[in-house]
Amino acid sequence: MSNNPTAVNPPAAHCSQGVVDNNNYGIGMPSNPHPGYGIVNCNSNVSNNHHHHSHPHPTVSITVVSDFNCPWCYVAHKEVQSALTQARISHPNTLFTVEYRPFQLDPTLPTEKPMCRIACYKAKFGEEKMKKIGEALRERGRRVGIDFHMAGKVRQTTNAHRLALKAWLCGGEAAQVKMVDALFAAYFERETDIGCYNFLSKAAESTGLMTYDQAQTFLKSDKLKDEVQCLIRHSVLREIKGVPFTVISNQWAIQGAETAESFYRAFEFAANAAESQAIPFTHHAYASTPSATTMSTPDGLSGTAPSCKPTVAVDTASVTGDHVSEISTQSGTSGGSTPTKVDS
């Protein structure tokens, strides 16, 4: 990719709640005097307003787009968190922030009635390919402390995404990471039904974000359903066609479940850039991110890291179009990462 690309000014993404912009977490709420941050009314001691203020330190903002139905997203979550721990030690004066955004690999999955996961895999991939996928996942999972068990039930992940978004809005990064940890681990290691209200409520309670009863009340309501769909549509309009997809400082992108070493090198590059240029705190810059096809991939990454992708083209006119997930069995890479800057 050229070192002097043309500046990108993508159109805003519209949804039923308003317009995606750079000031309100990508959710336009015209009737709300504090769009985005005033959506959730929770009992957290953490003030939502702390996200508004600029920070004196150089900042590297990391946005991970993923789906709870995607096993490679769980791998990437582990790798990103490991890389972040190392980056924060290496760059103590730089603020690293991470936020998880929703994606839907298969909007056709039912919400109310769970389906047998093994039967779905067999129908989709055939028994031989399913076994190869399982072997690849178990091997990669062992390296990052994941004990994959791929049986159990499968259904739509909207409610899990609602909890992850609520966690971020109520308690910021720390609360959301706890929620994401709990949901991924239960689904892929303990074969828990990702759409079961009982499980989701227990997971929410385990984070300390809310009580079991509060979680039940939230899940049975329509709160944050539109906001989750708006964020999914935003990713689709930004031409993100597979997950995990990691955006770094609104300038660089990594597709797939790369290794912690590769993520760390990319984070380190972004930190060095932030420290030398005193990049201001722009945690929500992803709302105006260039499309995925115009963002650069860090040098040294082959672009073949495993990921989950829709098998047919995504209809950008509707986030509920018919597209089904495809699990790649490609191996990840561990090459060095020196991203090329893209002006946005």
Side-chain angles (χ1 to χ4, degrees), residues 64-78 100-125 130 133-134 137-138 141 146-168 175-207 209-210 212 214-225 227-229 231-232 235 242-245 257 307-310 319-320 323-327:
V64 182
V65 182
S66 63
D67 189 3
F68 290 107
N69 267 335
C70 169
W72 294 118
C73 291
Y74 188 18
V75 172
H77 166 64
K78 291 284 192 178
Y100 290 83
R101 292 285 184 95
F103 196 82
Q104 259 183 346
L105 285 164
D106 186 1
T108 67
L109 285 172
T111 300
E112 300 300 328
K113 185 179 180 180
M115 302 171 65
C116 174
R117 210 182 329 178
I118 293 297
C120 289
Y121 287 160
K122 284 184 178 180
K124 181 170 181 56
F125 301 114
M130 182 188 72
I133 291 171
L137 282 168
R138 284 189 291 272
I146 299 173
D147 184 17
F148 274 112
H149 288 80
M150 302 297 287
K153 303 295 184 180
V154 62
R155 61 169 127 175
Q156 195 52 261
T157 55
T158 301
N159 288 320
H161 286 308
R162 289 171 63 208
L163 279 179
L165 176 56
K166 181 175 177 67
W168 194 92
Q176 190 181 50
V177 169
K178 285 183 181 179
M179 186 72 75
V180 170
D181 275 336
L183 295 173
F184 269 136
Y187 184 55
F188 284 116
E189 299 191 62
R190 299 191 294 277
E191 299 178 346
T192 307
D193 180 357
I194 193 68
C196 173
Y197 282 4
N198 181 49
F199 154 63
L200 291 172
S201 298
K202 288 180 178 179
E205 186 176 41
S206 73
T207 68
L209 182 67
M210 66 188 87
Y212 178 91
Q214 286 173 331
Q216 284 276 313
T217 299
F218 168 74
L219 289 167
K220 291 175 182 178
S221 74
D222 290 331
K223 292 180 180 178
L224 297 185
K225 285 184 179 180
E227 289 79 359
V228 164
Q229 288 302 315
L231 290 171
I232 292 170
S235 292
V243 289
F245 191 91
S307 62
C308 298
K309 302 176 182 178
V319 295
T320 59
H323 52 285
V324 184
S325 63
E326 175 73 56
I327 301 177

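Applying the salt bridge (Lys or Arg N to Asp or Glu O under 4.0 Å) test to Lys225 and every residue at least two apart in sequence or in another chain returns Asp222. Contacts of Arg155 classified as salt bridge (Lys or Arg N to Asp or Glu O under 4.0 Å), with partners at least two apart in sequence or in another chain: Asp193. In this structure Phe68 satisfies the ring-ring contact (aromatic ring centres under 6.0 Å, His included) test together with His161, Phe184, sequence neighbours excluded.
At least one donor-acceptor pair closer than 3.5 Å links the side chain of Gln156 to the backbone N or O of Pro107. Looking at Arg162, its side chain does come within 3.5 Å of a backbone N or O of Leu219 through a donor-acceptor pair. Judged by distance alone, with hydrogens and angles left aside, the side-chain atoms of Asp67 form a donor-acceptor pair with the main-chain N or O of Leu105 at under 3.5 Å.
Of all heavy-atom pairs between Ala186 and Phe199, the closest is CB-CE1, 3.1 Å. Ile194 approaches Leu200 most closely through the heavy-atom pair O-CD2, 3.4 Å. Annotation for Ser66 and Cys73: closest pair CB-SG, 3.5 Å, computed over non-hydrogen atoms.
The side-chain heavy atoms of Met210 and Leu163, taken from C-beta on, include a pair separated by under 4.5 Å. Using a 4.5 Å heavy-atom threshold, the side chains of His149 and Phe188 count as separate. A 4.5 Å side-chain heavy-atom check between Val228 and Leu231 finds every atom pair outside the cut-off.
For the residue pair Gln104 and Thr157, no side-chain donor N or O sits within less than 3.5 Å of a side-chain acceptor on the partner. For the residue pair Glu205 and Gln214, no side-chain donor N or O sits within less than 3.5 Å of a side-chain acceptor on the partner.
Atom CD in Gln176 sits 11.0 Å away from atom OG1 in Thr207 (nearest 0.5 Å).
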